[in-house]
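What you see is a predicted model; the values in this text were computed from it and never measured.
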Amino acid sequence: MKRKNDKAAIMLILFFISIGISYYSSAASYRSDPVGTSILYLVMPIIPLLFMSFMSIYLERFDVRFISKRFLRLLFAIVGIVGVTSILYFWTDLFTIQLYIYIKMAFSGILLIGNLVCVFMLIRKFIKHRNTKLHSLFTITLISHLVAFTPFATMNLLPQIFGLNQIFPAAFTALFLFVLPIVYFYLSTSNQLFDIDFILTRFKYYTALAIFPSIIVTALVAILILGENNPSWTVWFGVFFVIYIGMTLFLYAKEQIDQRFRPKLFKAMYSYQDSLDRFSRKVARVMKQADLEAVLMQEISDLLPVKRITFMIVEQSENTVYPMGEHPEELITAEFLLGTVNSLQVGELIELPYGLGLVIGRQRSRHHILWIGMKTNHTRFNSDELRWLKTMSSYASIVFENLYLIEGLIEDLESEVRKEHSTSPWVLRLLFCLSENERRKLAADLHDSALQDQLLWYRKLETIMMDYPISDNLGRELEDIKEGLLDVIHQIRETCNELRPPLLKEMGVVEAVESIIEHTQMRVNFAVDFRANTFCRPLNEEQITAIYRIVQELLRNADKHSQAKLVILELEQRKGTIYFRYQDDGIGMDVNQMIVSFEHMGLSGIKERVTGLEGDISFYSEGGNGLEVVILLPEDMTTGRSERGILRDSYLIS
């Protein structure tokens, strides 16, 4: 019904029907019924061939060839010859008993060969595709085929070929064939495969775990039940096989029962898992070492009845432990830690003379250890408590290491900012990125709150003026208020645009500069001549923002101080370099007094932006001859790296 036009599904149906017919006819064949025996000898050898046909068709959708069509036809021909010979024997009197033995051996042999070919091809494809997306598919098909046919092949076909008694009745070993419909129906209808690698890992573990108990139980059965009857070795093997499979399945079932029912029936056993979940949520908000220690101490004291929870520092370079008192337990513990300090590993759980120790962090030669004293009920720490503490130690050590890196980064920033006239470019870029982020947030807050409120009150005022009779004097007053509101709305919009120009990255650097020039010329008394070439390689948002702010500050400076009539701006790309030039015809300045000018003209901010982008800036000016600024910026900036290996770049800020 689900795969009406799928040839692979049709072949799979034939495969299942053949298995079902063979299974039902085996009972009649066991009673020497000629119809049941004929059907069994005719249909059963075809089963592996139908499986190979199914796999060949199914794998075509993945562009994989399972088996040669010529070889598959040859196998069908051999099976047909054996089947026709068998039918002629069962329905005529022309053949002897000796021939029946040969037919029986040929039947078992061709069936065994067909299964061996299937297994060989599956193993071959599994090895070839073990590192591809078909790994799980071939693993599932190989395992299911081995589980389904191995019991019948080893316990029925092989003994029959060599003239031995069957180890198990065919009716029992054929039950394993029910694995096939389950697996292949799942493969044909499901969109996702189950994790076969995980299942195989558990299977290997449980089979190894069950082998010794199975041997012991089999020996007890032999002594107490079957010892007097003296059965053959096949019976002993069969008893061991049943017990072994039963124990393996029991261990699988126990795992599922533990997962589903143990948390409900024995909730106290899972309080440690709840504690880990709670601890992980709390440490996500930790911002300093003291907070981490407080959270860890609180979690342990809530779950464990212990005498002490103390944080200690083992200073290896000074051979000291602090804080440490004069109590014998403290002195012995300190001596023990100093003796083992060379072998301490971050995140591990160590056994102390009076309790346990969690190594939660390390800073150079300094180890941070949490000392958990003996339990107040005078019992040893059980296995669940030890596993829980080990996991807590691992969690805490990761957080501690991150806090250490953050503290180191802050120290680097503070030391770089304290330097005069030598601040590193990466620090400047970081600070400017922080500044731009704050500008963005402020612009969004102004737009979404103050501006919207002003628009709301403006519309309410308009509605009142239109809907209610108002005297002339009051009307003029309200009109003034209305115009004032419009001015405030305009100012807020202009402020938002200056704080964070809309679509800055989408516009590109040339369009961004043209936009700010257009807004500037509406309120200044000088003309701006902007000369720009088309950029072959687009700049990133950080570079566009920097150039936008530089132009913004230079035009603001020209408006306030230069008394210029004309400002010329040039912007172009020159072989890996961004060239920008500003020139005005204003009153100029004394370059020797440039440092003093920086403090009140905003030019220091321009210089810092250029330094942050690893560029060069030059000022040329004389009194009465205007100001010229030339800026060269690299298109590709290098990324600094600190001593601790932390990347120093603007992408640290989202």
Side-chain angles (χ1 to χ4, degrees), residues 431-530 532 541-565 567 569 571 582 584 600-603 605-606 609 653-654:
L431 294 176
F432 280 120
C433 283
L434 287 169
S435 174
E436 291 297 331
N437 283 341
E438 292 304 315
R439 286 170 179 262
R440 185 187 296 112
K441 293 177 183 177
L442 180 57
D445 291 341
L446 284 174
H447 183 274
D448 296 339
S449 57
L451 180 60
Q452 302 305 318
D453 290 342
Q454 293 290 333
L455 289 171
L456 179 63
W457 288 114
Y458 177 80
R459 293 191 184 100
K460 285 185 177 181
L461 180 59
E462 271 193 329
T463 303
I464 291 173
M465 293 176 65
M466 294 176 62
D467 294 348
Y468 296 95
I470 298 174
S471 65
D472 293 340
N473 291 333
L474 180 59
R476 284 192 293 271
E477 292 290 335
L478 292 177
E479 191 66 35
D480 291 341
I481 294 174
K482 179 180 174 183
E483 293 297 325
L485 282 174
L486 280 176
D487 290 340
V488 172
I489 291 170
H490 177 73
Q491 289 175 7
I492 294 175
R493 279 179 172 157
E494 287 296 313
T495 302
C496 290
N497 288 335
E498 286 192 7
L499 287 172
R500 182 60 182 173
L503 303 176
L504 188 62
K505 183 179 180 181
E506 289 76 5
M507 285 191 299
V509 64
V510 175
E511 290 78 4
V513 174
E514 289 175 345
S515 172
I516 192 173
I517 291 173
E518 181 181 350
H519 283 82
T520 301
Q521 291 207 284
M522 291 174 13
R523 53 182 174 79
V524 298
N525 296 321
F526 56 82
V528 180
D529 181 10
F530 179 44
E541 186 175 6
E542 186 181 6
Q543 293 170 320
I544 295 174
T545 303
I547 293 173
Y548 183 90
R549 295 298 181 198
I550 289 171
V551 173
Q552 189 179 49
E553 187 59 43
L554 287 171
L555 293 178
R556 186 182 291 118
N557 176 72
D559 183 33
K560 291 181 179 180
H561 305 286
S562 71
Q563 302 177 20
K565 298 300 182 182
V567 171
L569 299 177
L571 182 63
Y582 165 92
D584 66 40
H600 62 85
M601 295 183 64
L603 298 181
I606 296 175
R609 281 191 182 273
I653 306 302
S654 60

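Among Val567, Ile550, Val513, Val524, the one residue that satisfies the side chain to side chain contact (heavy atoms under 4.5 Å, CB included) test with Leu555 is Val567.
Between Phe526 and Asp584, every side-chain heavy-atom pair lies at or beyond the 4.5 Å cut-off. You'll find the side chain of Phe530 reaches within 4.5 Å of the side chain of Val510, heavy atoms only.
Here the closest heavy-atom approach between residue Ile470 and residue Met465 is recorded as CD1-CA, 3.7 Å. Listed here is the closest heavy atom pair of Ile492 and Leu446: CG2-O, 4.3 Å.
Atoms CG and CG, from Leu569 and Leu554 in turn, are 7.5 Å apart once rounded to the nearest 0.5 Å. Rounding to the nearest 0.5 Å places OH of Tyr548 at 12.5 Å from CD of Glu553. To the nearest 0.5 Å, atom CG of residue Asn473 and atom CG of residue Leu478 are 11.0 Å apart. A distance of 11.5 Å separates CG of Asp559 from CD of Gln521, quoted to the nearest 0.5 Å. Annotation: the span from Thr495 atom OG1 to Leu442 atom CG amounts to 9.0 Å, rounded to 0.5 Å. One distance of note links OH of Tyr582 with CD1 of Ile606; it measures 9.0 Å at 0.5 Å rounding.
Counting only residues at least two apart or in different chains, salt bridge (charged side-chain N to carboxylate O under 4.0 Å, His left out) contacts with residues 450-479 comprise Glu462-Lys482.
With sequence neighbours excluded, no residue forms a salt bridge (charged side-chain N to carboxylate O under 4.0 Å, His left out) with Lys560.
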Exercise. Begin with the C-alpha distance, continue with both residues' side-chain angles, and end with the deciding distance and a verdict on side chain to side chain contact (heavy atoms under 4.5 Å, CB included) for Val509 and Leu571.
Key: CA-CA 9 Å; Val509 64; Leu571 182 63; 3.8 Å; yes
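Crowding of Asp487 atom CG: a count of heavy atoms from other residues, nucleotides or ligands under 6.0 Å exceeding 12.
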